[in-house]
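Some notes on the structure that comes next.
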Amino acid sequence: MAYETIIVDIEDEVALIRLNRPEALNALNAQLLDELSAALADADRNDKVRCIVLTGSEKAFAAGADIKEMSTKSYVDVYDADLFGAQIDAIGRVRKPIIAAVSGYALGGGCELAMVCDFIIAADTAKFGQPEINLGVVAGIGGTQRLTRLIGKSKAMDMNLTGRFMDAAEAERAGLVSRVVPAAKLMSEAMAAARKIAEKSQIATKTVKEAVNRSYETTLREGLLFERRAFHALFATEDQKEGMAAFLEKREAQFRDR
Ligand code: CO8
């Protein structure tokens, strides 16, 4: 499928998806989110893809939802369309790991989109924020919920109430991003991480996603039980036999996703 607002490349079993609306700092409009959710669903189905990297430009991962597109809409318009709900939920249902590689601005919906991914690698130039308050609204796709779970109430309140931006170092201290790298190395680091994930058993990487995400949805007792059963279940796979045999035989495992 030909896309206009994103660029998709598949290399070494990694799908690299770039947001591509440079004229609007990759602001998320309906077309971009439709294309992005379709591309991610395609990557999820594609046997040649084992991990996904989502990125923007050097200046902006995404500067938020498209304010021009939203500004004249009524309550009925956004409610009836369930503005961005379907697309963001679809992204959240992707089963293959998604790394967000963030350089420059990740604001509003941009920060929220990065948080829907499984983890964030940030360039030292990255700036995160939930500035919706400056527009007379509030975050709408996770900025009060995912952000609070990731960085805690105090910082989430600060970000959402003041609309201030957090730099990469603070984002790493707060637990919003998994690592910060020099801007010039962002893509090589993100792609290297994705290729490393792509080497693993996909049954196991998908199970990791399910289990870690479950920790946000349930009690510790239920989450631990889910994890234990998931661990037990993987003993039904050939990849568990191969992974453990390879360790004992001091060789690289050859996983076959079975
Ligand atoms: N929407 C539309 N256009 C944008 C956006 C945006 N979010 N951000 C930047 N642009 C455009 C600018 O209008 C400008 O276009 P033009 O050249 O035609 O005037 C171009 O991008 C370049 O931007 P600037 O000239 O402003 O660049 P600066 O380097 O001076 O500033 C900033 C960069 C600080 C990122 C600045 O552009 C900015 O503050 N942008 C808006 C950030 C923002 O408020 N984001 C939140 C948007 S609301 C949101 O995300 C809600 C999400 C939830 C939706 C949920 C539905 C349920």
Side-chain angles (χ1 to χ4, degrees), residues 3-7 17-38 40 54-94 98 100-117 120 122-151 155-171 176-177 183 186:
Y3 300 116
E4 291 174 355
T5 61
I6 59 172
I7 299 169
I17 303 182
R18 284 179 188 278
L19 308 180
N20 187 36
R21 294 191 68 217
E23 71 288 358
L25 301 185
N26 293 330
L28 312 173
N29 62 8
Q31 183 187 2
L32 184 148
L33 281 170
D34 283 346
E35 292 186 356
L36 179 60
S37 49
L40 284 165
L54 178 62
T55 195
S57 68
E58 226 173 280
K59 179 162 180 189
F61 177 74
D66 191 313
I67 300 168
K68 281 180 204 144
E69 190 181 73
M70 283 186 301
S71 61
T72 56
K73 289 194 189 299
S74 68
Y75 169 75
V76 171
D77 293 335
V78 296
Y79 177 79
D80 197 41
D82 188 20
L83 191 69
F84 301 156
Q87 296 99 322
I88 288 290
D89 289 351
I91 295 170
R93 281 195 299 274
V94 172
I98 310 175
V102 174
S103 176
Y105 297 110
L107 304 177
C111 184
E112 295 169 300
L113 176 61
M115 289 189 289
V116 180
C117 299
I120 302 173
D124 50 10
T125 56
K127 288 190 173 60
F128 298 88
Q130 298 294 156
E132 289 93 338
I133 195 81
N134 299 330
L135 303 170
V137 291
V138 300
I141 43 177
T144 68
Q145 302 301 304
R146 286 196 182 88
L147 186 68
T148 306
R149 283 166 165 77
L150 285 168
I151 68 176
K155 266 190 191 290
M157 282 285 192
D158 181 359
M159 304 293 292
N160 277 283
L161 286 172
T162 67
R164 79 173 174 89
F165 301 164
M166 191 185 252
D167 66 18
E170 184 181 3
L176 176 57
V177 310
L186 175 67

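Whatever order the structure lists ligands and atoms in, that order sets their numbers, starting from 1. Please read all numbers here as calculations on a predicted model, not as lab measurements.
The backbone N or O of Val137 sits nowhere less than 3.5 Å from a side-chain atom of Glu132 that would complete a donor-acceptor pair. Side-chain atoms of Gln87 do not come within 3.5 Å of backbone N or O of Ser37 as any donor-acceptor pair. No donor-acceptor pair under 3.5 Å is formed between the side chain of Asp158 and the backbone N or O of Lys155. Distance alone, capped at 3.5 Å, places no donor-acceptor pair between the Asn160 side chain and the Ala139 backbone. At least one donor-acceptor pair closer than 3.5 Å links the side chain of Glu69 to the backbone N or O of Ala30.
Among protein heavy atoms, atom 23 (O) of ligand 1 sits closest to Leu25 CD1, 3.6 Å. Atom 48 (S) of ligand 1 has as its closest protein heavy atom Leu135 CD1, 3.6 Å. At the shortest separation from atom 38 (C) of ligand 1 among protein heavy atoms lies Leu107 CD1, 4.7 Å. Of the protein's heavy atoms, Ala63 CB, 3.5 Å lies nearest to atom 8 (N) of ligand 1. Among all protein heavy atoms, the one lying closest to atom 17 (O) of ligand 1 is Glu23 O, 4.6 Å. For atom 13 (O) of ligand 1, the closest non-hydrogen atom on the protein side is Lys68 NZ, 3.9 Å. Of the protein's heavy atoms, Phe84 CD1, 4.0 Å lies nearest to atom 54 (C) of ligand 1. Looking at atom 4 (C) of ligand 1, its nearest protein heavy atom turns out to be Ala24 O, 3.8 Å.
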Intermediate values then yes/no, side chain to side chain contact (heavy atoms under 4.5 Å, CB included), Arg146 and Arg149 = CA-CA 5 Å; Arg146 286 196 182 88; Arg149 283 166 165 77; 5.8 Å; no
Kindly indicate, with the supporting measurements, whether the criterion side chain to side chain contact (heavy atoms under 4.5 Å, CB included) is fulfilled by Val78 and Phe84.
-> CA-CA 9 Å; Val78 296; Phe84 301 156; over 6 Å; no
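Close contacts of ligand 1 with Gly109, meaning ligand atoms under 4.0 Å from a residue heavy atom, involve 49 (C), 50 (O), 52 (C). For ligand 1 and Glu112, the ligand atoms under 4.0 Å from any heavy atom of the residue are 52 (C), 53 (C).
Taking any N or O of Ile67, backbone or side chain, at least one lies under 3.5 Å from an N or O belonging to ligand 1. For the pair Gly140 and ligand 1, the shortest N or O to N or O distance does not fall below 3.5 Å. Checking only distances, Ala65 does come within under 3.5 Å of ligand 1, N or O to N or O. When only interatomic distances are considered, the shortest N/O to N/O separation between Leu83 and ligand 1 does not fall below 3.5 Å. Between Lys59 and ligand 1, at least one N/O pair is under 3.5 Å apart.
Taking 4.0 Å as the cut-off, Pro131 counts as a neighbour of ligand 1 on heavy-atom distance.
Every residue meeting the side chain to side chain contact (heavy atoms under 4.5 Å, CB included) condition with Ala63, not counting sequence neighbours, appears here in chain and number order: Leu25.
For atom 19 (O) of ligand 1, the nearest protein heavy atom lies 4.0 Å or farther away. For atom 45 (N) of ligand 1, the nearest protein heavy atom lies closer than 4.0 Å. Not a single protein heavy atom sits closer than 4.0 Å to atom 26 (O) of ligand 1. Inside a 4.0 Å radius of atom 30 (O) of ligand 1 there is not any protein heavy atom. The protein does not reach atom 36 (C) of ligand 1 closely, with no heavy atom under 4.0 angstrom from it.
Of the candidates Leu36, Thr55, Thr5, Leu19 forms a side-chain contact (heavy atoms from CB on, under 4.5 Å) with just one, namely Leu36. A side-chain contact (heavy atoms from CB on, under 4.5 Å) with Leu113 is found for exactly one of Val102, Ile91, Ile141, namely Ile91.
For the salt bridge (charged side-chain N to carboxylate O under 4.0 Å, His left out) condition, the pairs that include at least one residue of residues 18-38, sequence neighbours left out, are Arg21-Glu23, Arg21-Asp66.
Here the straight-line distance linking atom CG of Leu33 with atom CD1 of Ile88 works out to 5.5 Å at 0.5 Å rounding.
Nearest heavy atom pair, residue Lys127 against residue Phe165, reads CD-CD1, 4.2 Å.
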